[in-house]
Amino acid sequence: MNHIKQFFKEKGLYLFCLAMVFAATAAGILALRTIVNNVADLTRIRKEALQNDTTWTQPDAAIDKPAQDVPKPTQTPAATEKPAATDAPTPAAAQTAPPQQATKPGIWDAKPLTGYSGDELIYSATLGDWRTHNGADYAAPAGESVHPAKAGRIVAVSEDALWGNVVEIMDADGVIWRYCGLRAATVKIGDDVTTADTLGTSGSIPAEASGESHLHLECSRNGAYLDPESLL
């Protein structure tokens, strides 16, 4: 008896630990068997349910429902249309101005047909001799209106056998402008004229009848001839 007591006294702790391990092992095995059985039962129940329930095997049934009971799809409101862009009004200053009619150059704007010769002699085809050319000849079709090249006062209106009808104007600088070859003068002595006024119309010059129709213009101051081109 004493030996048994001595054995349990010495080996009791080990036996207790061994008993606890055995009890835990047995409890684990029991729990595992319970889990396995539960899984098996669930699998069996699921299989039976699939075999007995026709919901899983029947095709989709067509919906037989009145049209008025079927909800209509909600329409998405159309995007608000933006008004068409309109061209901004063009400022009056930027609008293209109508083309202006080109102004016809005046008689005195062109280069002379025959220029002032000074002391140099030139041949006159009309008179058949050599002489100085004391003025400048400007092309002017017969009947074209003739305006003064410079403003001034009419100091002489005459008719010359060689130069035709002649009008003389004195400008503010004392220069005499002598217009030769007018058909008929429309001004009289003492008239003040500007470059917008009309002296008459282009006619002919007996002394220079050959060549293109033109007007002969002379300029002089204190009896000395000047080059009209230098004064225009």
Side-chain angles (χ1 to χ4, degrees), residues 92-93 95-232:
Q95 294 179 355
T96 303
Q100 297 181 351
Q101 185 176 1
T103 303
K104 182 179 179 181
I107 296 173
W108 320 116
D109 296 330
K111 292 288 290 182
L113 300 175
T114 303
Y116 173 76
S117 69
D119 295 332
E120 181 182 355
L121 299 177
I122 62 173
Y123 181 74
S124 171
T126 302
L127 301 177
D129 59 7
W130 293 83
R131 59 180 62 207
T132 59
H133 193 252
N134 298 326
D137 297 338
Y138 295 89
E144 183 171 351
S145 296
V146 179
H147 305 282
K150 292 287 185 176
R153 175 167 293 180
I154 306 297
V155 294
V157 177
S158 61
E159 184 177 355
D160 190 277
L162 292 178
W163 301 107
N165 290 310
V166 179
V167 173
E168 298 180 29
I169 301 174
M170 179 181 286
D171 66 15
D173 297 326
V175 176
I176 301 295
W177 296 73
R178 189 167 184 254
Y179 300 85
C180 305
L182 296 174
R183 176 175 296 175
T186 57
V187 293
K188 63 184 184 298
I189 297 176
D191 289 345
D192 290 324
V193 294
T194 66
T195 56
D197 294 321
T198 302
L199 301 179
T201 57
S202 176
S204 61
I205 302 174
E208 297 178 348
S210 62
E212 188 175 347
S213 176
H214 65 276
L215 288 170
H216 179 87
L217 176 63
E218 294 179 353
C219 294
S220 64
R221 179 191 286 129
N222 300 325
Y225 287 102
L226 305 173
D227 183 2
E229 281 291 288
S230 66
L231 301 178
L232 287 175

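Reckoned from all heavy atoms, side chains included, excluding hydrogens, waters and symmetry mates.
Interatomic distance, Glu168 CD to Ser220 OG, rounded to the nearest 0.5 Å: 7.5 Å. In this structure, CG on Asp227 lies 11.0 Å from CG on Asn134, to the nearest 0.5 angstrom. Rounded to the nearest 0.5 angstrom, Cys219 SG and Tyr225 OH are separated by 11.0 Å. Atoms OG1 and CD, on Thr114 and Glu212 in that order, are 10.0 Å from each other to the nearest 0.5 Å. The CG atom of Asp137 lies 3.5 Å from the NE2 atom of His214; values are rounded to the nearest 0.5 Å. Glu144 contributes atom CD, which lies 4.5 Å from atom CD1 of Ile107 (distance to the nearest 0.5 angstrom).
Taking the six-membered ring where the residue is Trp, the centroids of Tyr179 and Trp108 are separated by under 6.0 Å.
A pairwise comparison of heavy atoms in Ser117 and Ile122 identifies CB-CG2, 4.1 Å as the closest pair.
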Could you walk me through whether Tyr138 and Leu232 pass the side-chain contact (heavy atoms from CB on, under 4.5 Å) test, one step at a time?
CA-CA 13 Å; Tyr138 295 89; Leu232 287 175; 3.3 Å; yes
Just do the side-chain contact (heavy atoms from CB on, under 4.5 Å) check on Val166 and Leu182 with the steps written out, would you?
CA-CA 6 Å; Val166 179; Leu182 296 174; over 6 Å; no
Before you tell me yes or no, could you show the steps for Val167 and Trp177 under side-chain contact (heavy atoms from CB on, under 4.5 Å), namely the whole-Å CA-CA distance, both residues' side-chain angles and the distance that decides it to 0.1 Å?
CA-CA 8 Å; Val167 173; Trp177 296 73; over 6 Å; no
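Side-chain atoms of Arg183 and Ser202, non-hydrogen and from C-beta on, never get closer than 4.5 Å to each other. In this structure, the side chains of Arg178 and Trp163 come closer than 4.5 Å at one or more pairs of heavy atoms. Side chains of Thr198 and Val146 form no contact here, defined as non-hydrogen atoms less than 4.5 Å apart.
Contact check on Lys150 versus Asp171 returns no salt bridge, with no Lys/Arg side-chain nitrogen under 4.0 Å from an Asp/Glu carboxylate oxygen.
The only option from Ile169, Asn165, Val157, Leu215 that meets the side-chain contact (heavy atoms from CB on, under 4.5 Å) definition with Leu199 turns out to be Ile169.
A donor-acceptor pair under 3.5 Å is formed between the side chain of Thr126 and the backbone N or O of Ser210. Of the possible donor and acceptor atoms, one in the side chain of His147 sits under 3.5 Å from a partner among the backbone N and O of Asp197. The backbone N or O of Ala196 sits less than 3.5 Å from a side-chain atom of Thr194, completing a donor-acceptor pair. Under the 3.5 Å distance criterion, the side-chain polar atoms of Asp191 are left unmatched by any main-chain donor or acceptor of Val193.
Inspection of the Thr201 and Ser145 side chains reveals no N or O donor paired with an N or O acceptor under 3.5 Å. Under the 3.5 Å distance criterion, with hydrogens and angles disregarded, a donor-acceptor pair is assigned to the side chains of Glu208 and His133.
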